[in-house]
Amino acid sequence: MAKRPTNWRALFAPRHLVGAAVAAVLVLVVFWVAFELTLSAAVREVETQAQRRLALFDRTLEAIIERYHYLPVAISQAPETRAALEQPANAAAVEAANGFLSQLNETAGASEIFLMEDTGSVVAASNWWTLTSLVGTNYSFRPYFADAMARGRAEYYAFGISTSVPGLFLSQRVEGPDGPLGVAVTKINLGEIEAAWWRSGELIGIVDLNEVVILSTRPDWRYRPLQTIPRSQFAAIASQQRYGENGVDNFGIITDRWFSRGAEFALLAGADPETTGYFVLNELRLPKHGWRLVSFSPLAPLYGGALTMATAAALACAALLLIIVLFEQRRRLVAQRLADHDQLELRVAERTEDLHAMNEQLRAEIADRIRAEKAEADAQQGLVQAAKLATLGQTLAGVAHEVSQPVAALATHMASARLIEQRRGGTEMGPILSAMDKVVERLAALTGHLKTFSRKQTRVAMEADVGTVISNALDLTDHRLRQVGVDVEYRRPHPPIQVAANPVHCEQVLINLIANAADAMQDTPMRVLSIGVTSEGGTVSISIADTGTGIAETDMATLFDPFFTTKPSGKGLGLGLAISYGLVRDSDGTITVRSREGQGSTFVVSLPLVGTAGAAAPSLPSPLRRGTEGGGPSVSHKTTPTPALPSRGRGRKASNS
């Protein structure tokens, strides 16, 4: 395949030239930004390190000075020095003072220690025996003498006139009974700290109040100002005689200084390359002595590092732009190929469009067929349930018809038995016959209800006493509760509460719920049935709670459906809860259930209160355990005691027995 010739005209097209110019500008901007950021960060880092070093040097300086602070005070209070000042003409006293100062300095290690009269003349000194002895010299012109006489103590750095050795003078006024006797002075040689700084390799110096360097790691900086001093000020400094015989070399160390990037910079000019060029200037004020610690950090290494980082960033930006250009070219090539592929895909799609339409139509027909089959199965199941209910209704009607006659005969026999008992005058069978009468009356009511169940009834307003309904239900289920061994927690409401409902229907619902609760607790170690009555907002709620293991979450949705049961085969039809739901609904009430597996179930029957439009019902007491204190009669059922264990028992059988 022949190589394509380079299209130089397209390469130098205006849009390509503009793109190259923009890329060059971007690379330069990245270079400048990287340089500025790197240099600023390096300057901040150098400043931080310099401040730390200056703080360390300051602590070292203070430690050295503090070692000698006690000497002037100790000398001013010594009896030898006071005797020499009080009797300067007494040779014995002066000799004793000289010996005391010499011995003291051997221990302290100061440069010199001497004692001055109130006229400024030195009376005694630690170097009285040397050729450079200070005895007899008058230093009244020195500020450390005048300031100590005026303020009590002073501190002054100067070049020694007699010893030609610079040092820090610490002076203390010596008090006498009639006024100041003189001044005690200690001279400290700071050459030790200067040597330590020199070994660190730093460019450091101490600047006094006259802006003159008095201590430095560079010997050629000593007794030179940071910047050239004006002539008027220079004459006053020279008169102080504190910088030796040669005085101050008025040639500034710093040529220029300025602030930039949040730091102070200085330009140094000199013959030594180490002290020539641009530096970062840092200062630490020593207000206690009136000095400043200054340090100079060379800027050339920082510029070199910043240039290196900026160059690397610019090269990375250029490489990134080149990669972007290559990717863009590749993207265009891929886009062209994809466009060709899309054309081919479009042709294939046009040819297969009819096939997709036929597939969609087939899927729709299949979905309709599935829905129709499901609807048919649901309808068939509904017809089966309806047939079961119809058959059950016919059976119940026949049973009611057949049972009504024996019930009537039983009522007649019970009446005859009561008459015979009355004629005999006996009282033992009376309570038993009364209980049997109640059972017969309930059987008659139930058979009457079954007879009218299959035909449409006319609703008649009826009232039921909640306490009586619950008591009757407990009486009728007492045998089952005793058989299982259930403890009942129930407090009869006081005053009585009337609900708008059929009392027989209410008893039937409660009997079914209590029986289900007994079945649910049959295999549990703790068997407690709790019945509570509350009234709020024109509605009375009857709660029946057991300690079974509850109802499974999957069974809650179909709990009230006909023929649904969780009991074993042959122990229930699955109609109890369905019938109870219908009876409560016919009374304009509701029935709800709360259940958690392992913690039992609670059924709540809510019925309308009689006269809700007129007045609110009285508040009711909370359910209490039978036999506890409280108002109102309590219903007691003697059952087989069960051990009180922490577990709540097994699940409720969700159906009527």
Side-chain angles (χ1 to χ4, degrees), residues 431-432 435-436 438-439 442 466-493 506-533 542-552 555 559 565-577 580 591 593-605 621-630 632-657:
I432 299 175
M436 295 178 66
K438 291 182 180 180
V439 175
R442 176 161 180 78
V466 174
T468 302
V469 168
I470 297 176
S471 297
N472 292 339
L474 289 174
D475 289 340
L476 294 175
T477 57
D478 181 70
H479 175 71
R480 178 58 178 163
L481 294 176
R482 292 177 181 273
Q483 182 182 6
V484 177
V486 177
D487 291 336
V488 179
E489 293 180 350
Y490 166 61
R491 166 104 24 204
R492 184 163 184 167
C506 293
E507 291 180 11
Q508 185 176 352
V509 171
L510 295 180
I511 290 171
N512 183 39
L513 295 179
I514 294 172
N516 284 348
D519 293 340
M521 295 184 290
Q522 185 172 358
D523 299 327
T524 60
M526 179 180 292
R527 306 181 186 94
V528 179
L529 177 68
S530 301
I531 302 176
V533 182
I542 305 172
S543 63
I544 299 176
D546 60 63
T547 56
T549 55
I551 303 171
D555 297 337
L559 191 62
T565 180
T566 59
K567 295 180 180 180
S569 178
K571 291 190 177 182
L573 297 176
L575 293 174
L577 291 179
S580 299
I591 180 171
V593 60
R594 300 188 306 272
S595 180
R596 293 185 63 182
E597 291 191 71
Q599 298 184 9
S601 304
T602 301
F603 284 81
V604 180
V605 179
S622 301
L624 301 175
R625 195 174 188 90
R626 67 164 191 244
T628 59
E629 68 276 9
S634 61
V635 177
S636 176
H637 290 274
K638 296 181 179 179
T639 58
T640 304
T642 57
L645 301 177
S647 61
R648 299 292 295 170
R650 298 186 179 177
R652 171 186 292 277
K653 306 297 183 178
S655 70
N656 185 24
S657 58

Starting at [atom1] of [X], measure out to [atom2] of [Y] and round the result to the nearest 0.5 Å.
X: M521; Y: M526; atom1: CE; atom2: CE; result: 11.5 Å
X: I542; Y: F603; atom1: CD1; atom2: CZ; result: 14.5 Å
X: L481; Y: L529; atom1: CG; atom2: CG; result: 6.5 Å
X: S601; Y: L513; atom1: OG; atom2: CG; result: 11.0 Å
X: L474; Y: R480; atom1: CG; atom2: CZ; result: 15.0 Å
X: R596; Y: T602; atom1: CZ; atom2: OG1; result: 11.5 Å

Run T468 and R492 through side chain to side chain donor-acceptor pair (under 3.5 Å) and show every step you take. CA-CA 9 Å; T468 302; R492 184 163 184 167; 3.1 Å; yes
Can you tell if the side chain of [X] reaches within under 4.5 Å of the side chain of [Y], non-hydrogen atoms only?
X: R527; Y: D487; result: no
X: I514; Y: V486; result: no
X: I544; Y: V605; result: no

- Task: Specify the closest pair of heavy atoms between L510 and A473, including all atoms of both residues, with the distance to one decimal.
- Result: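 Closest heavy-atom pair between L510 and A473: CB-CB, 3.9 Å.
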**Flag if over 12 foreign heavy atoms under 6.0 Å of CZ, R594** =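 Not buried by this count: 12 neighbours or fewer within 6.0 Å.
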How far apart are the C-alpha atoms of I531 and I470, what are their side-chain angles, what is the distance that settles it, and do they pass the side chain to side chain contact (heavy atoms under 4.5 Å, CB included) test? CA-CA 9 Å; I531 302 176; I470 297 176; 4.2 Å; yes
Self-check item: Stepwise side chain to side chain contact (heavy atoms under 4.5 Å, CB included) check, E597 with I551
Solution: CA-CA 6 Å; E597 291 191 71; I551 303 171; over 6 Å; no
I511 pairs by side-chain contact (heavy atoms from CB on, under 4.5 Å) with which of L476, N472, V469, D475?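 When L476, N472, V469, D475 are each tested with I511, the side-chain contact (heavy atoms from CB on, under 4.5 Å) holds only for L476.
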